[in-house]
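The basis for the numbers below is simple: all heavy atoms, side chains too, and nothing from hydrogens, waters or symmetry mates. Note that the structure is predicted; figures quoted are calculated from it, not measured. Position 1 is the first residue of the sequence, and the numbers go up from there.
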Amino acid sequence: MEKILVIDDEKATLTMFRLFLDAYGYSVFTAENGAEGLEIFKRERPQIVITDIKMPGVDGLSVMRQMKNIDPAVEVVVITGHGDTDLAKQAMGRDAADFINKPIHKEALDAALNKARERLDLSKNQGKV
């Protein structure tokens with residue numbers, strides 16, 4: 001079962017992701033902040049991480065940078081709120097797989113997960129993993 005980590009400071013968002021991702025067959029881990037997310041990442045090593053970009057403490061860009069330093073093959077999808085377009089562009093420039101806007105729609109989540117899996121497959125085929 002493929003592992004996935006979701007990091008968001010809103011419990012309702014984590015619950016929504018868990019419902020969707022459990023139904024998709026992922027082994028889902030959740031964290032309510034960036035520091036907790038990094039600890040879970042180090043322990044569980046999921047291939048895909050979905051993280052909110054704006055969180056108190058360690059923000060999503062810092063989380064992504066630290067995770068990529070640990071495992072360059074990890075695919076990170078960032079969650080952006082209204083008006084976070086510049087942060088989403090920064091994340092994409094730092095090798096995020098995709099970004100999705102809040103409120104989360106199933107179609108956007110599906111597209112982001114597909115893009116992350118395609119990038120993982122491409123990396124494996126190129127011998128990077």
Nearest heavy atoms of Ala116 and Val77, plus distance in Å: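 Where Ala116 meets Val77 most closely, the heavy atoms are CB-CG2, 4.4 Å.
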To the closest 0.5 Å, what do you measure between [atom1] ([X]) and [atom2] ([Y])?
X	Y	atom1	atom2	answer
Ile48	Leu113	CD1	CG	6.0 Å
Asp59	Thr51	CG	OG1	8.5 Å
Leu120	Glu75	CG	CD	5.0 Å
Leu5	Phe29	CG	CZ	8.5 Å
Thr30	Phe17	OG1	CZ	11.5 Å

Short side-chain to backbone donor-acceptor contact, Thr15 and Lys11, under 3.5 Å: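 Checked: pair present.
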N/O donor-acceptor pair under 3.5 Å between Glu36 side chain and Glu32 backbone: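 Indeed, once roles are kept as given, a pair shorter than 3.5 Å links the two residues.
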Could you tell me if the side chain of [Y] sits less than 4.5 Å from the side chain of [X], heavy atoms only?
X	Y	answer
Phe41	Ile70	yes
Ile50	Ile4	yes
Val63	Ile7	yes
Val49	Val74	yes
Ile100	Thr80	no

Pairing residues for [X] by the salt bridge (Lys or Arg N to Asp or Glu O under 4.0 Å) criterion, not counting sequence neighbours:
X	result
Glu118	none
Asp98	Lys115
Glu39	Lys42

Using the side-chain contact (heavy atoms from CB on, under 4.5 Å) criterion, which residues pair with [X]? Sequence neighbours excluded.
X	value
Asp9	Asp52, Met55, Pro56
Ala96	Met64, Ala91, Met92
Glu10	Asp8, Thr13, Lys102
Asp95	Lys68, Arg119

Atom pairs and distances, side-chain donor-acceptor, residues 18-27, under 3.5 Å, sequence neighbours left out:
residue, atom, partner, partner atom, Å
Arg18, NH1, Val28, O, 3.4
Tyr24, OH, Lys106, NZ, 3.3
Tyr24, OH, Asp110, OD1, 2.4
Tyr26, OH, Arg117, NH1, 2.1

Checking Gln90 now: which residues fulfil side chain to side chain donor-acceptor pair (under 3.5 Å) with it, not counting sequence neighbours?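 For Gln90 there are no side chain to side chain donor-acceptor pair (under 3.5 Å) partners, ignoring immediate neighbours.
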If you apply the rule side chain to side chain contact (heavy atoms under 4.5 Å, CB included), what do you find for Gln47 with Asp71, and how did you get there? CA-CA 9 Å; Gln47 290 186 299; Asp71 181 1; over 6 Å; no
Please lay out, stage by stage, how Lys3 and Arg45 fare under the test side chain to side chain contact (heavy atoms under 4.5 Å, CB included). CA-CA 8 Å; Lys3 295 179 183 179; Arg45 294 297 172 104; 5.9 Å; no
If you apply the rule side chain to side chain contact (heavy atoms under 4.5 Å, CB included), what do you find for Val58 with Asn33, and how did you get there? CA-CA 7 Å; Val58 183; Asn33 59 62; over 6 Å; no
